[in-house]
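Here the structure is laid out as structure tokens; the discussion comes afterwards.
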Amino acid sequence: MKSQLEQMRRTAAEKIAGASGIAELEALRIAYLGKKGELTAILKQMGSLSAEERPIMGQLANEVRAGIEALIAQQFEKFKEKEKAERLVSETIDVTLPGKSVALGHRHPLSIVLNEVIDIFLGMGFKVASGPEVELDYYNFEALNIPEGHPARDTQDTFYITDNVLLRTQTSPVQIRYMEQNKPPIRIIAPGRVYRSDAVDATHSPLFHQIEGLVVDKGVTMGDLKAGLEAIAKGLFGNETRIRLRPHHFPFTEPSCEVDVSCFRCGGKGCPMCKGEGWIEILGAGMVHPKVLQNGGIDPDEYSGYAFGVGLERITMFRFQIDDMRLLYENDVRFLSQF
Ligand code: DAH
């Protein structure tokens with residue numbers, strides 16, 4: 001039995017030394033030391049030994065077991081080390097390789113100009129307000145002094161949802177909604193989408209954007225209107241820009257005007273951009289009609305105000321010299337990446 005144990009110790013040591021990997025080590029451990037392994041088989045002969053021999057063999061068997069376990073553990077560590085070293089080599093990152101550049105987008109030209117306008121007005125103490133795009137007839141027309149049957153309704157071909165619900169044709173309804181909720185002094189701009197049943201061409205789209213402006217306070221005059229509009233014109237088109245007010249009619253303002261800016265390309269001399277006129281029309285404005293103030297819950301005897309509405313597409317097209325509005329909606333990156 002002693003020679004069996006010693007023989008087993010030698011062959012186990014050889015096989016462990018020659019093992020190819022962790023899996024083989026585990027197989028060897030089971031073969032020698034497992035429940036049905038070689039050591040167990042040898043120990044079965046213990047019964048045939050004398051009482052003196054038994055403890056001696058028992059001790060030898062324990063030594064053999066401990067020796068084999070230690071060898072396996074040693075080999076195991078070696079394999080682990082080797083595996084780690086290999087992984088370090090295979091997972092090496094070459095930090096000097098060129099990186100993949102991330103393609104960053106940028107703002108749409110309409111957003112660029114809108115942000116500029118918002119900046120100009122925030123600097124003058126205005127707040128940004130908004131209202132629903134699906135609007136009641138009351139706010140879109142009625143409260144703005146455009147009663148049923150008024151010819152101004154015909155100029156805005158409207159998308160009706162029901163008889164009294166529609167896609168707003170202008171941002172002016174935000175004036176009423178804001179006045180209902182807020183007391184003067186009021187200084188807001190309200191940018192947003194508006195809808196009209198217009199066929200698409202170079203200057204029309206069924207969906208476009210307006211920026212509404214409203215100022216209500218004590219003693220607001222047409223002079224304030226002019227100063228406000230001049231600030232936005234200079235901010236958008238440069239400090240040399242002059243404005244010109246022409247009489248016009250809007251139902252919700254009295255008096256009303258259309259506002260031109262001096263052509264930012266020729267400075268007013270006349271060029272193809274301004275069609276030889278020297279002036280370019282950019283918005284509608286006026287002093288808020290007393291009825292409109294009243295509809296917003298504000299006493300027209302105490303307060304007055306001015307309002308304006310400007311087409312965002314129109315000023316964006318002038319600003320970037322874009323000659324076809326459709327380009328703004330086609331999302332062709334070759335076009336958009338120029339701005
Ligand atoms: N809502 C008008 C339109 O869509 C534009 C406008 C004109 C708005 C004069 C105003 C204004 O607030 O005072 O044609």
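In each ligand, atom 1 is the first atom listed, and ligand 1 is the first ligand listed.
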At less than 4.0 angstrom from any atom of ligand 1, which residues have a non-hydrogen atom? List them by chain and residue number.
Gln170, Ser172, Gln175, Arg196, Gln210, Glu212, Phe250, Phe252, Thr253, Gly284, Ala285, Gly286, Ala307, Phe308, Gly309

Decide ring pair (Phe, Tyr, Trp, His ring centres under 6.0 Å) for Phe339 and Phe320; before the verdict, give the C-alpha distance in whole Å, the side-chain angles of both, and the deciding distance to 0.1 Å.
CA-CA 8 Å; Phe339 304 98; Phe320 292 126; 5.0 Å; yes

Would a line drawn from the ring center of Phe308 to the ring center of Phe126 be shorter than 6.0 Å?
no

Any residue meeting salt bridge (Lys or Arg N to Asp or Glu O under 4.0 Å) with Asp301, in chain and number order, not counting sequence neighbours:
none

Salt bridge (Lys or Arg N to Asp or Glu O under 4.0 Å) with Asp324: which residues, sequence neighbours excluded?
Arg326

Could you note down all residue pairs passing side-chain hydrogen bond (donor to acceptor under 3.5 Å, both in side chains) where residues 99-126 supplies at least one of them, sequence neighbours left out?
Glu116-Arg319

Looking at Tyr139, is Arg177 sitting on its ring face, NZ or CZ under 6.0 Å from the six-membered ring centre and within 45 degrees of the normal?
yes

